Amino acid sequence: MQAKLRIGLAEQTLLAALGQAAVYSEKHSTPPPNIQSPLEEAVKIVKQAYSVLPVYDKIVPALLSDGVWNLPNTCSFTLGVPVGPMLAKPTKGVSEIVQKFQNTEYTCEFKYDGERAQIHYLEDGSVEIYSRNAERNTGKFPDVVAAVSRLKKSSVGSFVLDCELVAYDREKQKILPFQVLSTRARKNVVMSDIKVNVCIYAFDMLYLNGRPLIQEELKVRRECLYESFEEEAGFFKFASAITSNDIDEIQKFLDAAVDGSCEGLIIKTMNKDATYEPSKRSLNWLKLKKDYMDSIGDSLDLVPIAAFHGRGKRTGVYGAFLLACYDNNNEEYQSICKIGTGFSEAVLEERSASLRSKVIPKPKSYYRYAETITPDVWFEPTEVWEVKAADLTISPVHRAAIGIIDPDKGISLRFPRLVRVREDKTPEQASSSEQVAEMYSSQSHNQSNNQDDNEDD
DNA sequence: TGTGTCTGCCC
DNA sequence: ATTCTGC
DNA sequence: GCAGAATGGGCAGACACA
């Protein structure tokens with residue numbers, strides 16, 4: 001029953017209903033004294049219980065047998081049951097962080113570009129690995145199971161580890177891009193077949209030797225973490241961290257993170273509001289990536305050449321657009337990505353209205369795209385949009401800069417979103433294929449470096 | 001056996 | 001993932 | 001400020017079909 005109930009379906013509303021129903025059906029039970037609103041209190045309790053034990057088949061029976069007010073005792077964190085990983089809120093710059101956390105001790109950690117994992121090690125030596133969405137990933141990472149068992153200290157009999165699994169080249173001692181990690185086989189993997197190695201970057205500890213740590217401060221949890229494992233290059237490392245409140249120092253650390261193939265930084269309070277909050281994107285953890293910052297990060301000017309009808313609340317307007325860069329040599333527009341986020345409702349309405357009048361019956365002969373992409377409508381090339389992205393990737397479907405980096409693959413964008421409409425540019429002035437290729441090449445992963453990033457010496 | 005398409009899960 | 005919006 | 005709902009690229013695996 002639980003297996004088919006997926007989140008996204010108004011989970012919080014469902015939990016609130018559960019809590020309220022419990023109060024109504026427990027007419028004769030006694031809520032603790034000095035409570036203003038038993039209804040609200042019950043909702044809090046149910047949500048709290050579910051956050052540490054997200055299993056309806058446990059919560060509901062416990063509610064029925066021992067009531068809401070006993071729920072904190074009857075439903076608590078359980079080894080082997082994954083809790084939702086704590087999330088971080090996007091932040092636009094170092095100054096915003098310093099401001100938000102003034103008078104508070106906080107730490108900055110590298111944000112590694114891999115796959116989130118919650119590793120449970122049980123007293124009997126068995127291991128379970130869960131993904132960000134509580135999928136059981138144990139069969140995908142036998143190497144991680146082995147590493148963790150080997151590198152835990154002998155005093156450690158059970159633990160829950162929060163970490164990032166990152167593709168790693170042990171010969172060159174280098175982190176590999178997320179795209180490499182994602183090529184790993186996913187089912188029934190056996191050690192000898194593994195082609196992409198993984199390094200564990202550990203950053204939190206939720207449970208140790210029978211003791212839940214969720215309600216402890218990060219300072220305590222981190223101490224537990226550091227005491228529980230041996231590091232080993234290419235297999236298990238603690239996430240790089242500094243504790244500082246100096247703007248320049250943090251800025252340098254951010255640059256170091258990006259240089260080290262990381263996405264940016266995660267900033268966490270050490271003591272104040274420093275408990276582990278499952279599933280919450282609370283203020284306690286902030287994330288800082290270059291592409292969140294205004295006037296820094298990869299930004300491109302692209303032309304909408306086609307669109308798809310919107311669904312749900314986008315019914316009646318376009319829901320997504322196909323974007324292209326311009327190849328001056330071949331005088332053609334090459335698809336680079338679709339885009340469907342970054343539009344306010346007003347802007348989406350404007351753009352839809354504007355482009356509806358530019359619809360053409362067939363794609364232009366000078367549009368280069370994969371036949372597998374089948375938009376609902378095609379446009380005359382008329383507008384230029386500024387788009388931001390986290391990364392550029394080699395694409396199996398898009399055609400931007402095809403023939404420059406790879407003979408028959410183009411380039412696409414990771415996490416594309418609209419920044420603004422460039423009223424001042426014509427489509428021919430959009431980002432060129434050469435520029436796209438240049439941006440791809442200068443990413444830190446690709447050592448085909450033109451060495452123009454000289455430090456002064 | 002090989003190829004194209006779709007789905008579910010990573011980000 | 002990112003972003004926007006109603007509550 | 002939070003929850004929910006729009007939307008992105010790209011991969012392995014499942015499935016359908018030749």
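The structure presented is a predicted model; accordingly, all values stated were derived computationally and were not measured. Every chain is numbered from 1, with letters handed out A, B, ... down the list of sequences.
Using bins of under 30°, 30° to 60° and over 60° for the plane-to-plane angle, the ring pair A:Phe110/A:Phe253 lands in the tilted bin. Taking the six-membered ring for Trp and thresholds of 30 and 60 degrees, A:Tyr369 and A:Trp378 have ring planes inclined between 30 and 60 degrees apart. Classification of the A:Phe229-A:Phe236 ring pair by plane angle, with boundaries at 30° and 60°, yields parallel. Using the six-membered ring where Trp is involved, A:Tyr333 and A:Tyr326 have ring planes that are tilted, between 30° and 60° apart. Taking the six-membered ring where the residue is Trp, A:His120 and A:Tyr130 present perpendicular rings, their angle passing 60° and hence far from 30°.
If you check every strand for non-hydrogen atoms under 4.0 Å, A:Arg314 touches sugar and phosphate atoms only.
Look at CG on A:Leu181: it is 16 Å from P on D:dG10, rounded to the nearest Å. Here the P atom of nucleotide D:dG9 and the CZ atom of A:Arg414 are 13 Å apart, to the nearest Å. Spacing between atom CZ of A:Arg116 and atom C1' of B:dC9 amounts to 16 Å, rounded to whole angstrom units. Here the C1' atom of nucleotide D:dC11 and the NZ atom of A:Lys187 are 14 Å apart, to the nearest Å. Summarising the geometry, the separation between CG on A:Leu323 and C1' on D:dT7 is reported as 13 Å, rounded to the nearest angstrom. Here the P atom of nucleotide D:dG9 and the CD1 atom of A:Ile394 are 15 Å apart, to the nearest Å. Atom pair A:Arg399:CZ and D:dG10:P shows a separation of 12 Å (rounding to whole Å applied). The interatomic distance linking A:Lys47 (NZ) with D:dG1 (C1') rounds to 13 Å, in whole Å.
For A:Gln12, the listed nucleotide lying nearest its side chain is D:dA3; candidates were B:dC10, D:dA3, D:dT7. For A:Pro396, the side-chain atoms get nearest to D:dC11 when compared with the rest of D:dC11, D:dG4, B:dC11. The nucleotide whose nearest atom lies closest to any side-chain atom of A:His398 is, among B:dC10, D:dG10, D:dG4, D:dG10.
Across all their heavy atoms, A:Ser299 and A:Glu386 have their closest contact at OG-OE2, 2.9 Å. The two residues A:Ile411 and A:Ser395 have their closest heavy-atom pair at C-CB, 4.1 Å.
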Under 4.0 Å protein heavy-atom contacts per nucleotide of nucleotides 2-7 of chain C, with B for base, S for backbone only and - for none: BBSS--

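Projected onto DNA chain B by closest heavy-atom contact, A:Phe178 and A:Thr372 fall at different nucleotides, the more 5' of which corresponds to A:Thr372.
One finds no side-chain N or O of A:Ser182 lying less than 4.0 angstrom from the OP1 or OP2 phosphate oxygen of D:dG10. OP1 and OP2 of D:dA3 both lie 4.0 Å or more from every side-chain N or O belonging to A:Thr13. OP1 and OP2 of D:dG9 both lie 4.0 Å or more from every side-chain N or O belonging to A:Gln179.
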